[in-house]
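The structure under discussion appears below in the form of C-alpha cells.
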Amino acid sequence: MWGIFSSFNYDSAWKEVDKNLRTYPKTALSKLEEIEEQAKKEKNRPQTLRCLMTKFRICDLKEDSAYVKCIEDLHDFQSDAKTDPLALSVSYYMESMVYASFYGMNSWKINQRTKLSDTIPADIEEWTSNIFVDRIRMLRDKAIDEPAVRTTASADYEAIIQLNKDSRIYRPTLFDLMVHHALDNNNISNELIYNEDECRQLFEKLIEFHINDKDKHAYTLACLEYYRQKGGKEYRENLESFLNRMDDNESSILVRIDLANLLYSLLPKKQSIRDLNTVQPSDILKICEDGLNKYPKHPQSQCLKNIEKNIRSERYSIDLANTTIHSGEPIKLNIHYANITQINMSLFKYDLTPQEWYNKPKDAKKAKIKEYNFILSPSNYCIEADTTIEIPSQAYGAYRIETTPNKYFDFVVSDLFVVYQNESSTDELNLVVVDSKCGEPMKNVQTDLYSYHYRTSKNQLGDLEQTNKSDSNGFCDFKLALAKNTQTPLRCILTNGEDKYTNLSTYTYRNRILAHDNAGDYLSIFTDRTIYRPGQTVYFKCIAYRLGVESIALADKKIKITLRDANYQEVASTQLTTNEFGSVSSSFVIPSAGLAGMYTI
C-alpha cells in the first residue's frame, strides 16, 4: 500500500536506526528524522506512527515528560489524519497503550489516590486509577469499533506491528490484533479495563466477524479463547462439542491442543483405586494421535507431539527411607516411576576409615558388591506409580547405591546412636551412647570427640579433642578446654568393634557461665528421618534419663508423646511406658490432607 512506488528504502533506513540506537543515538535520531520527513511527505501513516513510537521508546522513560510528549505527538498526528479513519483508529489504540504504560509504571502511587468522579485534571500526574481505566477503554473502543480495521490486513501495518509467522493466519486483520491485544492486556496493575461481560462481548464480536470465513483458523482461535475465558465446569464439554463440530477442518488441531492440555492437567499425579473414573492418559493419546493422523503437516502438529511425548516419557525418583540402617534390616527404597518396567542398581561398599568417611572425597575408594535388577509393575503411562523395593541386609559399614553415575544414595549400617546433653559446668559435656534399635545403653563404646574451628580446622570433621569410653549406663563425660564465650561445633565418631560408621551429627557447645547446673530428668527424641510426605509414617524413639551425681536411665516411666502440626495444633498423641533401658518407640501417621511445614513431636 503505502510507499509501494517510493524510491525510499524504509527497510534499509530502519536497519541503520537499529544499528546505531545504542552506541550512536544521535546518528540514530538523525536517521529517524529523515525517515519521518519522507513518511510525512508520502502520507505514509504506518511509517509516521512507527517514527513517533520509536522516538517515545528511545526517550528517557523514567521521566514522565516522555509520555506526555508522546501523547501530544499522537494528538498532532490525529489532527493531521482526520480524513483517514484507519490511521486514526490505529493512533487511538496506540494512545491507549501509552496511557496503559504510564499507569503500569506509576501504579504504586496512582492506586493510593482517592478516585475522582467529577473532574479530570489536565495533568496526568494527578489522574486517579479510574480515570486511566476509563480513558484506556474509551480509546480502545474507538479503535476497535472503526469499520476500516475489519477490512485491513494486519500486514498493511507491519511497519509498526511485530508479526510472527502465524499472525496472518490467526490474526489476519487489524480488528483481530486489537481485540486480542485488548483482552490479553485487560489487567493493568490489578485494574480491569473490561469486566467479565464486556470481555465476552468482545469475543462474541470476533466470533461473529469470522463465522463465515473459508479459512477457519481465526474463527477457531476466537472460539477457543471465548471458551477459555468462560471457564467453569462446562469448559471441557464446550471443547469436546466444538471438536465434534470442527473435526473435518484442519483448524481442529487447535481444539485438540486445548482439549489435550486440559485433560492432561486433570490427570491424577499418582495411581490409586480412586482414580479409575477420572481422565485416562489413553484418552489424551487418542485425541493427539487422531489429529496427527488427519493433519500431519499442520504447523501446530508439534504441540500434539509434545503432549504425546510428555505422556510417554520415562521418569523415576528414589527415596532412601533412612540413611542409617540397623544391622540385620534390609535397605528399603521408595521408588516413584512412570513408563519404566525395570530399574538396575549397583551396591558399593566404601573402603575408608571413619575419619575418611566423614571427609569423603569425590573419588572415594569403593568396591562393587552386587548388581540388582528389579521388575516394576507397569504404570498408567505418565501417572506416577509407587513401590518399595528391598536390598538384603548388609554388614556394618558405609555404602552407596547407584542407579546412574548421577543418581546415588550413601548410607551406613550401624546400631550406634549418641545423644548430646547440656553441659553441667562451663567445661563439661555429657553424652549417652545407646543401641538405636532398642535404646539399650551401650558400654565400652570408644567415643572420639572432635571440635570444628572455622579458621583452623583442615577438614569437615575438625580436630580431635579427646577420646573416652562409655560406662555401663552408656554415659560418657568430657571435660573441655575451649575458649570462653564461644560456640564450638562438636562431632563424635563412635567405635564398637566393626560398628564405626555412624552418620555425623553436630552439637554446638556454648562455653558460658550457667545460672544453674543441669541435674534432672530428661527425654531425648529422635526419628527415623527428618523429611516426610503427607500420609507417611514417622517412626520415633525416646530415651528417658536422669543426670546428677550418678547418671541413670529411667525405667518404667510413663510418658505422653504428642504430634503437633505446623500451627502447633495437636494431631495425635499416645501414652507409653519406658522399658528397662529407659527407652520407648512408636509411630505416628502424618495426615494425608494436613498442613505442610514443620511438625513437632
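We number each residue from 1, following the sequence as shown. Because only heavy atoms are used, hydrogens play no part in the values below, and waters and symmetry mates are left out as well, while side chains stay in.
Using a 4.0 Å cut-off between a side-chain N of Lys or Arg and a carboxylate O of Asp or Glu, K55 and E36 qualify as a salt bridge.
Screening residues 140-153 for salt bridge (charged side-chain N to carboxylate O under 4.0 Å, His left out), with sequence neighbours left out, gives D145-K205. Sorted by first and then second residue, the salt bridge (charged side-chain N to carboxylate O under 4.0 Å, His left out) pairs with a member in residues 93-104 form an empty list; sequence neighbours excluded. Sorted by first and then second residue, the salt bridge (charged side-chain N to carboxylate O under 4.0 Å, His left out) pairs involving residues 284-303 (not counting sequence neighbours) are D247-K294, K286-D290, E289-R312.
Between Y337 and E384, the side chains place no donor N or O within less than 3.5 Å of an acceptor N or O (distance only, hydrogens not considered). If you check the side chains of N111 and Y103, you find a donor sitting under 3.5 Å from an acceptor. Checked by atom type, the side-chain pair N306/Q302 shows a donor-acceptor distance below 3.5 Å.
Looking at residues two or more places apart in sequence or on another chain, you find a side-chain hydrogen bond (donor to acceptor under 3.5 Å, both in side chains) between Y93 and H181. Under the side-chain hydrogen bond (donor to acceptor under 3.5 Å, both in side chains) criterion, D73 pairs with K69, not counting sequence neighbours. With sequence neighbours left out, N195 forms a side-chain contact (heavy atoms from CB on, under 4.5 Å) with D197, E198. Residues meeting the side-chain hydrogen bond (donor to acceptor under 3.5 Å, both in side chains) test with Y316, sequence neighbours left out: T403. Shown here are the ring-ring contact (aromatic ring centres under 6.0 Å, His included) partners of Y99, two or more places apart in sequence or in another chain: W127. With sequence neighbours excluded, the residues forming a salt bridge (Lys or Arg N to Asp or Glu O under 4.0 Å) with E196 are R200, listed by chain and number. Annotation: side-chain contact (heavy atoms from CB on, under 4.5 Å) contacts of F374 (sequence neighbours excluded): I343, M345, Y372, I389, I391. With sequence neighbours left out, the side-chain contact (heavy atoms from CB on, under 4.5 Å) criterion links T27 to N20, Y24.
At distances below 3.5 Å, not a single donor-acceptor pair connects side-chain atoms of N380 with backbone N or O atoms of I383. The closest donor-acceptor contact from the side chain of S301 to the backbone of L292 lies at 3.5 Å or more, if one exists at all.
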Identify each donor-acceptor pair in which a side-chain atom of residues 229-240 lies under 3.5 Å from a protein atom, sequence neighbours left out, and give them as a table.
from: R236; atom 1: NE; to: E240; atom 2: OE2; distance (Å): 3.1
from: N238; atom 1: ND2; to: E234; atom 2: O; distance (Å): 3.3

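Using a 30° and 60° split on the angle between ring planes, Y227 and F242 fall in the perpendicular class, above 60°.
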- Message: Walk me through whether T173 and F209 qualify under side-chain contact (heavy atoms from CB on, under 4.5 Å).
- Response: CA-CA 11 Å; T173 69; F209 176 59; 3.7 Å; yes
- Determine, step by step, whether F132 and F102 satisfy the ring-ring contact (aromatic ring centres under 6.0 Å, His included) criterion, reporting the C-alpha distance in whole Å, the side-chain angles of both residues, the deciding distance to 0.1 Å, and the verdict. CA-CA 9 Å; F132 279 100; F102 181 88; 5.7 Å; yes
- Item | Full working for side-chain hydrogen bond (donor to acceptor under 3.5 Å, both in side chains) between Y10 and E42 | CA-CA 12 Å; Y10 284 103; E42 296 177 351; 2.8 Å; yes
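With a 6.0 Å cutoff to the six-membered ring centre and a 45° limit on the axis angle, R564 counts as a cation-pi contact of Y568.
Between D176 and L206 the shortest heavy-atom distance is OD1-CD1, 3.5 Å.
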